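Quick caveat: nothing in here was measured; it's all calculated off a predicted structure.
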Amino acid sequence: MPARIDYVCAGNRPLPVARSADGRAAAVLVDGKQVTLRRADSAAQESTPTATTRYTSMGERAMLEHDGKVLLGPCVSPVPLPSAPRYR
């Protein structure tokens, strides 16, 4: 995955995501406020939850939730991204 992805979400709202060099965290910018989230094991390609905020991505799609409500989503990367392999 690239170090930074600028997703475009519903309503043409941006969701900039910057990943740490080791891939263990992601920083998201929401309404001008940066939130850093640690990566967690997940069925999604990437999931970084905190107690109240979760960023989830699968291939070119992403969303950001807070307190169980979707803040930004659905979001799509403007450039093609790799997807995790699917197993049956």
Side-chain angles (χ1 to χ4, degrees):
M1 295 294 268
R4 181 178 169 111
I5 301 171
D6 292 307
Y7 291 98
V8 178
C9 304
N12 212 29
R13 292 184 64 195
L15 174 60
V17 177
R19 287 174 184 73
S20 63
D22 63 7
R24 294 183 183 177
V28 296
L29 191 63
V30 181
D31 295 330
K33 190 173 163 184
Q34 182 173 307
V35 179
T36 301
L37 306 164
R38 291 245 170 248
R39 188 175 185 143
D41 290 333
S42 170
Q45 185 168 347
E46 184 168 45
S47 181
T48 52
T50 65
T52 59
T53 305
R54 176 184 300 266
Y55 156 72
T56 305
S57 74
M58 290 190 75
E60 296 171 5
R61 301 192 179 281
M63 70 176 189
L64 185 70
E65 298 173 274
H66 182 74
D67 287 336
K69 292 179 156 182
V70 176
L71 291 180
L72 293 170
C75 306
V76 179
S77 171
V79 296
L81 298 174
S83 294
R86 293 182 183 208
Y87 299 97
R88 293 190 189 258

Taking all atoms of both residues into account, what is the closest heavy-atom pair of [X] and [Y], and its distance?
X: Pro78; Y: Asp6; value: CD-O, 3.1 Å
X: Pro80; Y: Glu60; value: CA-OE2, 3.0 Å
X: Gln34; Y: Ala27; value: NE2-CB, 3.8 Å
X: Cys9; Y: Gly73; value: CB-N, 4.1 Å

Are Val8 and Leu15 linked, directly or through intermediate hydrophobic residues, by side-chain heavy-atom contacts shorter than 4.5 Å (ILVMFWY only)?
no
Assigning hydrophobic clusters by single linkage (Ile, Leu, Val, Met, Phe, Trp, Tyr; side-chain heavy-atom cutoff under 4.5 Å), is Met63 placed with Val17?
no
Partner of Tyr7 under side chain to side chain contact (heavy atoms under 4.5 Å, CB included), picked from Val76, Leu81, Leu64, is Leu81
Separation between CD1 of Ile5 and SG of Cys75, rounded to the nearest 0.5 Å:
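Rounded to the nearest 0.5 Å, the CD1-SG separation comes out at 11.0 Å.
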Spatial distance of atom NE2 (His66) from atom CG (Leu71) [nearest 0.5 Å]:
6.5 Å
